[in-house]
Amino acid sequence: MSVVSLLGVKVLNNPAHFTSSYQFEITFECLEQLQKDLEWKLTYVGSATSSEQDQELDSLLVGPIPVGVNKFIFEADAPDYKRIPDSEILGVTVILLTCSYDGREFVRVGYYVNNEYDSEELAADPPAKPQIEHIQRNVLAEKPRVTRFAIKWDSEESAPAEYPPDQPEADNLDDDSNAYGAEERELEAALVKELEEANKGENGDDHEMEGAEATAGNEGEEEDLSDAESEDLEEESDDDDDELDEDEAGEGDEDVEMGEDKPSHQPQPEVMVH
């Protein structure tokens, strides 16, 4: 269980000019008293083909963290466009808002950002050299991608279990490769034996069972019954599918949208940002 839970993030200035600072209102909840500060960081992905173009826009430490719901404003500078290839300035890119505790990242929020010209003329016929003063950014704040990681907090008990677990005794076990599939081979041998006995009966080696003629005379009835049952099952299957579709249509996934504050009866103390 995470000691700190991210409740919401609001992008305050959106859309904005490309060179404007980023401003986020971040709300989170702390369940226990922490010994260290939280480190928040904003990263701009400058190129989809190379991480060398990524820029860390800003980072800050927040603490000490009171137990309960906390809220603060995180402001970060715009990326240095001189470090971004001209072919990568316009179009869609990504910004990453992350939070770490004691150097261990436990939550990451990714946003798509669309950079485009603020005039139709430039958008229709973009110049070879991007005109930064006419570029506007739009953060797709409605569709963030949130990823959470299990980390160790202040106590060893909070550390996540290792996966896969250590199994040192596995190296000392005997090789069971020969036994693999033994049960399947036994079943196959039994089936072959039954087929051989059945063939003997067809060749007249074995005595016929009583009532064999009566059974043979009912073969047509069995086929008809089998077909009738098959049709009924198909009709029932179609009815079940219709009911299932109606049930699924009435159910909806509960998506938690970032940016909506979680109601709480506890006061929201101010945390120290430094």
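If you're wondering where the values come from, they're calculated on a predicted model, not measured in any experiment. We count residues from 1, following the sequence as given.
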With sequence neighbours left out, which residue pairs that include part of residues 111-132 fulfil the salt bridge (charged side-chain N to carboxylate O under 4.0 Å, His left out) condition?
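Counting only pairs at least two positions apart or across chains, the salt bridge (charged side-chain N to carboxylate O under 4.0 Å, His left out) contacts touching residues 111-132 are Asp86-Lys129.
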Mind jotting down which residue pairs meet the salt bridge (charged side-chain N to carboxylate O under 4.0 Å, His left out) criterion with at least one end in residues 95-105? Sequence neighbours excluded, please.
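Applying salt bridge (charged side-chain N to carboxylate O under 4.0 Å, His left out) to every pair that reaches into residues 95-105, excluding sequence neighbours, yields Lys36-Asp102, Asp102-Arg104, Glu105-Arg108.
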What pairs with Arg83 under salt bridge (charged side-chain N to carboxylate O under 4.0 Å, His left out), at least two apart in sequence or on another chain?
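If we apply the salt bridge (charged side-chain N to carboxylate O under 4.0 Å, His left out) test to Arg83, skipping adjacent residues, there are no hits.
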What distance do [X] atom [atom1] and [Y] atom [atom2] have between them, rounded to the nearest 0.5 Å?
X	Y	atom1	atom2	result
Thr27	Lys71	OG1	NZ	4.5 Å
Ile132	Ile84	CD1	CD1	7.5 Å
Leu6	Trp40	CG	CH2	5.0 Å
Ile65	Glu32	CD1	CD	13.5 Å
Leu34	Tyr101	CG	OH	4.5 Å
Cys99	Phe149	SG	CZ	12.0 Å

Pairing residues for [X] by the side-chain hydrogen bond (donor to acceptor under 3.5 Å, both in side chains) criterion, not counting sequence neighbours:
X	result
Glu75	Ser21
Tyr22	none
Tyr44	Asn115
Ser119	none

Who are the ring-ring contact (aromatic ring centres under 6.0 Å, His included) partners of Phe18, not counting sequence neighbours?
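By the ring-ring contact (aromatic ring centres under 6.0 Å, His included) rule, Phe18 matches no residue at all.
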ring-ring contact (aromatic ring centres under 6.0 Å, His included) with Phe24: which residues, sequence neighbours excluded?
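Result, ring-ring contact (aromatic ring centres under 6.0 Å, His included) vs Phe24: none returned.
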Which heavy-atom pair separates Gly46 from Pro85 by the least distance, and what is that distance?
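For Gly46 and Pro85, the tightest heavy-atom pair comes out as O-CD, 4.5 Å.
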According to side chain to side chain contact (heavy atoms under 4.5 Å, CB included), who are the partners of Glu39, at least two apart in sequence or on a separate chain?
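Expected list: Lys41, Ser59, Leu61.
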Set of residues satisfying side chain to side chain contact (heavy atoms under 4.5 Å, CB included) with respect to Asp77, sequence neighbours excluded:
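With sequence neighbours excluded, Asp77 shows a side chain to side chain contact (heavy atoms under 4.5 Å, CB included) to no residue whatsoever.
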Donor-acceptor pair, side chain of Arg148 and main chain of Val107, under 3.5 angstrom:
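Answer holds: no.
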Counting heavy atoms not belonging to Tyr81, are there more than 12 under 6.0 Å from its OH?
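No, the 6.0 Å shell around OH holds no more than 12 heavy atoms from other groups.
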Glu52 atom CD, neighbour heavy-atom count above 12 within 6.0 Å
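Incorrect, the count does not exceed 12.
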